[in-house]
Amino acid sequence: MVAATVLGMAGAASGEPLEGLRWQKRLLLVFTQGDTERERRQRDALPDEGLRERDMLLIRVPQDGEVSVPGVGAVPSADIRSAYGVADAASFTVILVGKDGGIKRRSSEPIAARDLFGTVDAMPMRRQETRGN
């Protein structure tokens, strides 16, 4: 599975800690308090190939610490949680972020690959990408 462990990252000057990935990657942020059953189900539900095809990066955001994100570096979990409105460190939350930086989907339960990829594949930018290939 394509994944980055996000334990904490230094925020960008704009206040958006993952700004360096805008227009490059779609993000699937998995906010968790540890290695929980829901986190495992989410990871296991997503095939690497499906993530790669859709330019998606799975980022695990733990309760605290830092996350090492390719293309961004180390970012504090608290900065990511604040930027995406996930204040309750004890809750499980999945957020799909489009290449434009907008939140496209939010769930308190794991999202099935069919549903997640269906959401991505319906996005205008993704449809344009598939026509170009």
Side-chain angles (χ1 to χ4, degrees):
M1 173 169 295
V2 176
T5 299
V6 177
L7 302 174
M9 301 181 236
S14 67
E16 295 182 32
L18 303 176
E19 178 68 27
L21 296 172
R22 187 174 297 215
W23 305 115
Q24 297 177 32
K25 296 285 183 186
R26 292 176 183 91
L27 308 176
L28 187 66
L29 304 174
V30 179
F31 295 87
T32 183
Q33 64 176 351
D35 192 24
T36 65
E37 175 63 27
R38 286 188 286 187
E39 179 189 354
R40 282 190 296 276
R41 284 187 2 233
Q42 184 63 76
R43 274 192 326 249
D44 294 347
L46 302 173
D48 289 344
E49 183 61 28
L51 294 170
R52 274 192 299 275
E53 283 176 17
R54 292 165 180 85
D55 290 332
M56 292 181 71
L57 182 61
L58 176 71
I59 300 174
R60 179 182 175 273
V61 184
Q63 186 171 345
D64 52 37
E66 288 189 344
V67 182
S68 179
V69 179
V72 175
V75 179
S77 292
D79 290 356
I80 299 170
R81 287 179 175 278
S82 176
Y84 292 96
V86 182
D88 184 3
S91 71
F92 174 88
T93 304
V94 179
I95 298 177
L96 172 62
V97 179
K99 285 186 175 182
D100 64 357
I103 294 175
K104 307 304 180 185
R105 186 163 182 176
R106 181 185 292 256
S107 176
S108 61
E109 293 296 326
I111 304 171
R114 177 190 69 235
D115 296 334
L116 180 65
F117 295 158
T119 298
V120 172
D121 292 345
M123 295 176 183
M125 187 178 294
R126 172 66 180 152
R127 289 195 316 256
Q128 185 178 16
E129 291 168 356
T130 57
R131 280 192 298 266
N133 289 339

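Quick note: residue numbers are just sequence positions, from 1. When reading the values below, keep in mind they use all heavy atoms of this one structure, side chains included, and skip hydrogens, waters and symmetry mates.
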Pairwise distance CG(L51) to CG(L28) - rounded to 0.5 angstrom: 7.5 Å
Would you call R41 and F92 a side-chain contact if the rule is heavy atoms closer than 4.5 Å? no
Spacing of CZ belonging to R126 relative to NZ belonging to K104, to within rounding of 0.5 Å: 15.0 Å
Does the T130 side chain pair with the main chain of R127, one donor and one acceptor, at a distance under 3.5 Å? yes
For D121, is there an ion pair with R54 - N to carboxylate O distance below 4.0 angstrom? yes
Nearest 0.5 angstrom please: Q63 CD to F31 CZ, how far? 13.0 Å
Show me the pairs that pass salt bridge (charged side-chain N to carboxylate O under 4.0 Å, His left out) and involve residues 23-33, at least two apart or across chains. R26-E129
Is it true that a side-chain atom of Q42 and a backbone atom of V30 form a donor plus acceptor pair closer than 3.5 Å? no
Return the OG1 to CZ distance between T119 and R114, rounded to the nearest 0.5 Å. 11.0 Å
Are the side chain of S82 and the backbone N or O of A78 linked by a donor-acceptor pair below 3.5 Å? no
What's the separation between atom OG in S108 and atom CZ in R38, rounded to the nearest 0.5 Å? 6.5 Å
What do the steps show when you test L96 against M123 for side-chain contact (heavy atoms from CB on, under 4.5 Å), and what is the final call? CA-CA 12 Å; L96 172 62; M123 295 176 183; 3.8 Å; yes
In one Ile/Leu/Val/Met/Phe/Trp/Tyr side-chain cluster, 4.5 Å: L57, I103: yes
For P110, is there any backbone N or O sitting under 3.5 Å from a side-chain donor or acceptor partner on S107? no
Would D100 and R22 pass as an ion pair if we require N to O under 4.0 Å? no
Can you tell me how far apart CG (D79) and OH (Y84) are? Round to the nearest 0.5 Å. 11.5 Å
Side chain to side chain, K99 and L21, heavy atoms closer than 4.5 Å: no
Flag side-chain contact, heavy atom, 4.5 Å: V86 against R106: yes
